[in-house]
Amino acid sequence: MGDETTDEELDIRRAIEAILMVSIDPVAPNLLAQLMEMPTKKVEAICSSLADEYEAEGRGFCLVRIGGGYRFQSSPAQAAWVERFVLEGQHSRLTSAALETLAIVAYKQPISRNQVSAIRGVDVDTVIRTLQQRGYIEVVSTDPGPGNALMFGTTREFLESMGIDKVSDLPSLGDFVPGPEIVEALERGLLADPDVVELEAEGDAGSEGGEVAGGSDAEVPVDDRS
Amino acid sequence: MGDETTDEELDIRRAIEAILMVSIDPVAPNLLAQLMEMPTKKVEAICSSLADEYEAEGRGFCLVRIGGGYRFQSSPAQAAWVERFVLEGQHSRLTSAALETLAIVAYKQPISRNQVSAIRGVDVDTVIRTLQQRGYIEVVSTDPGPGNALMFGTTREFLESMGIDKVSDLPSLGDFVPGPEIVEALERGLLADPDVVELEAEGDAGSEGGEVAGGSDAEVPVDDRS
Amino acid sequence: MSVTVTTPVYEGPFDLLLNLILREEVELYEVSLSSIVDAYLVELENLGSCDLEMTTEFLLIAAILLELKTRRLLPTDDRFDIDDEFGLWEERDLLLARLLECKTFKDAAIQLRRLAADASLSWPRRAGLEDAFLHLAPDLLAGVSPVDLRDAGRRALAPKPVFHIDTEHIAPIRVSVADAVREIVNDIPHEGTVTFRTLTDGMVDRIAIVVRFLAVLELFKQGVVEIDQAEMFGDIHVSWLPGADLADIDLIDVYEG
């Protein structure tokens with residue numbers, strides 16, 4: 001441990017190590033802060049220094065911030081050994097149908113089944129139920145509008161399985177908006193008769209499609225469904 | 001770590017740290033020896049050197065030999081912090097997943113872990129462990145069939161917490177009332193048939209089979225009920 | 001075109017359309033639908049298998065395309081309806097937006113798969129509390145009533161709906177005319193007259209009655225029985241012809257159900 005750490009800090013480090021060792025779920029930094037009666041920022045700093053320490057020492061375990069809190073976990077480098085020990089595959093993979101549905105829920109939450117279905121273009125009932133059973137999504141609210149649709153959102157378990165701390169840590173959806181060449185290809189695929197080209201100019205004035213096809217960086221209206 | 005440790009020994013230390021970190025129960029030294037393909041004596045020597053190391057570094061956790069194996073646990077010196085965490089910090093309610101698992105055990109006892117898992121459709125090891133640790137369920141018998149599965153049932157403590165005298169005092173599950181998604185499915189003119197389990201497999205192949213057909217990734221079936 | 005889609009996986013209509021457009025440069029209004037079908041068939045071949053759902057989805061999208069296209073091809077009203085034109089453009093823009101959205105989430109899902117794969121290299125510590133602290137742990141069931149538990153039980157034990165298309169109406173016919181003939185020959189006294197009503201006594205299944213009727217017709221054709229119906233909707237009387245050779249009966253045609 002670093003030489004400049006104070007005695008009080010050393011105590012806190014030990015306490016955190018002990019608490020994380022007995023906790024089943026990730027422990028939120030503000031809960032630690034509350035227990036230790038110290039600012040959350042300080043707790044976060046100590047946790048991250050502990051994490052660095054384990055890594056520098058080449059430990060077989062690591063301390064990560066995940067699903068809204070801190071937890072101990074086996075080091076990724078030791079995956080082969082742990083796999084041998086665990087035997088039953090704890091991590092079963094999702095099909096791409098499930099994963100795409102999960103992505104929609106994750107980025108658009110809260111979202112209803114029908115809204116997901118509209119984006120996927122297919123019925124998503126089975127997939128939604130599978131994701132719910134697996135604990136990746138849950139009903140987070142009820143739509144106040146007519147029909148009182150159940151609104152789904154992701155769970156802490158989802159965050160844990162993605163190895164991230166919070167939903168906003170997901171890569172920005174903007175990163176996945178298709179590039180101009182794909183938009184162009186799609187546009188070309190949907191191209192109308194050449195003899196209504198004048199209308200195209202008028203029609204496109206209202207939308208942004210033409211502009212994107214023209215190669216500018218303007219945002220594609222991907223996100224405007226409500 | 002000591003200067004005299006070889007690279008191979010370092011690797012083994014890391015592997016042991018990783019395995020012990022994720023194990024729920026103490027891990028027997030001969031199991032570790034078997035996994036690492038090395039003599040039990042050597043494993044014991046490494047474990048005890050790890051334990052010494054943690055102690056020398058004044059860690060908040062320690063590695064102990066207990067119940068025929070090794071395990072990480074919180075350091076006795078940190079007991080006051082852990083107590084505080086247990087009393088104030090732990091969320092004092094069962095998650096709905098845990099409650100459902102408890103309900104399955106309560107209504108279907110005696111029942112094996114695999115049977116619960118089959119009903120829940122997900123891995124229940126951690127939840128069963130928590131319920132058992134908290135004294136709500138216990139092993140009540142051993143299945144005489146092949147595999148000798150441990151059969152779980154509820155405890156006296158469970159009945160006390162529920163404020164009832166005996167399991168048969170639990171309210172009847174009653175006639176099955178279909179959930180909204182089932183009603184929805186029925187309205188759509190699709191048949192919801194709880195009995196046709198083989199057909200479910202077919203259904204899944206239909207909806208998620210594209211990926212399998214594509215052959216890109218070996219997929220673990222999402223729903224391993226059979 | 002340089003664009004390639006790396007996942008040869010079909011999940012839904014948009015997916016299909018996306019792949020078709022991106023790979024084959026299908027131009028909705030200009031290219032013949034048969035090329036779309038061809039492209040689809042090539043895709044099918046590549047997948048190496050066909051499933052009903054995928055095929056249905058293709059039919060759906062093909063129908064949509066066909067509708068869009070016919071609207072373009074059919075001669076329009078003499079008066080040029082500019083609203084219709086705009087409507088078409090609106091439709092196209094909407095479709096484009098949906099395709100882009102679909103593609104966006106497809107790519108996002110690939111990223112999620114990577115995240116999950118990385119995360120799956122680590123296992124969390126889940127050992128939980130040591131025995132020494134268990135007595136301190138608050139009762140997790142505090143505030144949970146037996147009714148709450150029952151509700152949780154109902155949720156957990158509710159039959160999971162299993163979706164399959166009801167094919168009862170096309171269930172294979174299990175009664176054959178040959179069997180029916182055999183039954184009649186074996187069960188009915190070879191003298192006197194019996195009514196068709198008696199022959200079908202106790203039969204509930206309409207198809208079984210139909211098959212039995214076909215059997216009677218078959219016997220008539222073979223010259224084994226005489227059929228007589230005195231009045232319309234009256235009883236049909238079936239009587240054995242004297243000296244009929246019952247050995248021939250095994251040679252009857254087999255009706256395919």
Side-chain angles (χ1 to χ4, degrees), chain B residues 21-24 71-74 79 82-83 86-87 90 92-94 96 99-104 106-107 119-121 126 129-130 133-134 136 158 161-164 169-171 173 176-177 179 181-182 185 190-194 196-197 199-200 202-203 205-207 209-211 213-214 216, chain C residues 6-12 15-16 44 46-54 56-57 113 117 122-168:
Chain B
M21 188 55 78
V22 304
S23 174
I24 283 179
R71 82 162 181 216
F72 275 117
Q73 61 180 43
S74 63
V82 174
E83 274 172 30
V86 174
L87 288 173
Q90 295 240 326
S92 49
R93 287 202 56 178
L94 285 178
S96 62
L99 194 61
E100 284 177 23
T101 303
L102 179 59
I104 291 170
Y107 281 99
I119 294 173
R120 292 274 306 139
T126 310
R129 158 86 178 171
T130 304
Q133 232 187 14
R134 292 310 185 86
Y136 299 129
F158 164 78
S161 290
M162 282 283 115
I164 56 174
D169 288 347
L170 282 172
L173 280 174
F176 167 61
V177 184
E181 70 281 2
I182 296 172
L190 289 169
L191 197 65
D193 189 344
V196 197
V197 176
L199 280 171
E200 175 170 32
E202 277 178 53
S207 60
E211 166 100 309
S216 52
Chain C
T6 45
T7 48
V9 179
Y10 284 176
E11 290 297 343
D15 209 347
L16 184 66
L44 255 189
N46 288 343
L47 282 179
S49 74
C50 163
D51 72 68
L52 185 62
E53 188 159 328
M54 203 172 107
T56 322
E57 280 165 5
R113 161 105 62 214
S122 292
W123 282 257
R125 175 164 179 84
R126 297 253 197 245
L129 274 184
E130 290 131 28
D131 293 350
F133 302 103
L134 283 175
H135 68 283
L136 293 170
D139 185 1
L140 293 177
L141 289 179
V144 176
S145 72
V147 170
D148 293 336
L149 191 77
R150 182 202 61 191
D151 291 345
R154 282 182 174 170
R155 277 201 306 277
L157 295 168
K160 312 279 186 294
V162 175
F163 297 97
H164 60 90
I165 297 164
D166 182 1
T167 54
E168 216 176 337

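Keep in mind that what you see is a predicted model, and the values were worked out from it rather than measured. Sequence lines set the chain letters: A, B, ... in the order given, protein chains first and strands last, and positions in each chain run from 1.
Taking all atoms of both residues into account, the shortest heavy-atom contact from C:Leu149 to B:Ala106 is CD2-CB, 4.0 Å. Summarising the geometry of B:Ile119 relative to C:Ala156, their closest heavy-atom pair is CG2-O, 3.5 Å, with the distance given to 0.1 Å.
Looking at B:Leu99, both its backbone and its side chain come within 4.5 Å of chain C, counting heavy atoms on both sides. Looking at C:Leu136, both its backbone and its side chain come within 4.5 Å of chain B, counting heavy atoms on both sides. With a 4.5 angstrom heavy-atom cutoff, B:Ser23 touches chain C only via backbone atoms. With a 4.5 angstrom heavy-atom cutoff, B:Phe72 touches chain C via backbone and side-chain atoms both.
Between the side chain of B:Gln133 and the main chain of C:Leu134, no donor-acceptor pair closer than 3.5 Å is present. At least one donor-acceptor pair closer than 3.5 Å links the side chain of C:Arg154 to the backbone N or O of B:Leu173.
B:Tyr107 is listed as a side-chain neighbour of C:Arg150, based on a closest heavy-atom distance under 4.5 Å. For the pair B:Leu87 and C:Phe133, the minimum side-chain heavy-atom distance is 4.5 Å or more. Considering only heavy atoms from C-beta on, C:Val144 comes within 4.5 Å of B:Met162 through its side chain.
Distance check: C:Leu141 CG to B:Leu102 CG gives 6.0 Å after rounding to the nearest 0.5 Å. The structure places CG of C:Leu129 at 11.5 Å from CD of B:Gln73, a figure rounded to the nearest 0.5 Å.
In this structure, the side chain to side chain contact (heavy atoms under 4.5 Å, CB included) partners of C:Ala127, at least two apart in sequence or on a different chain, are C:Arg125.
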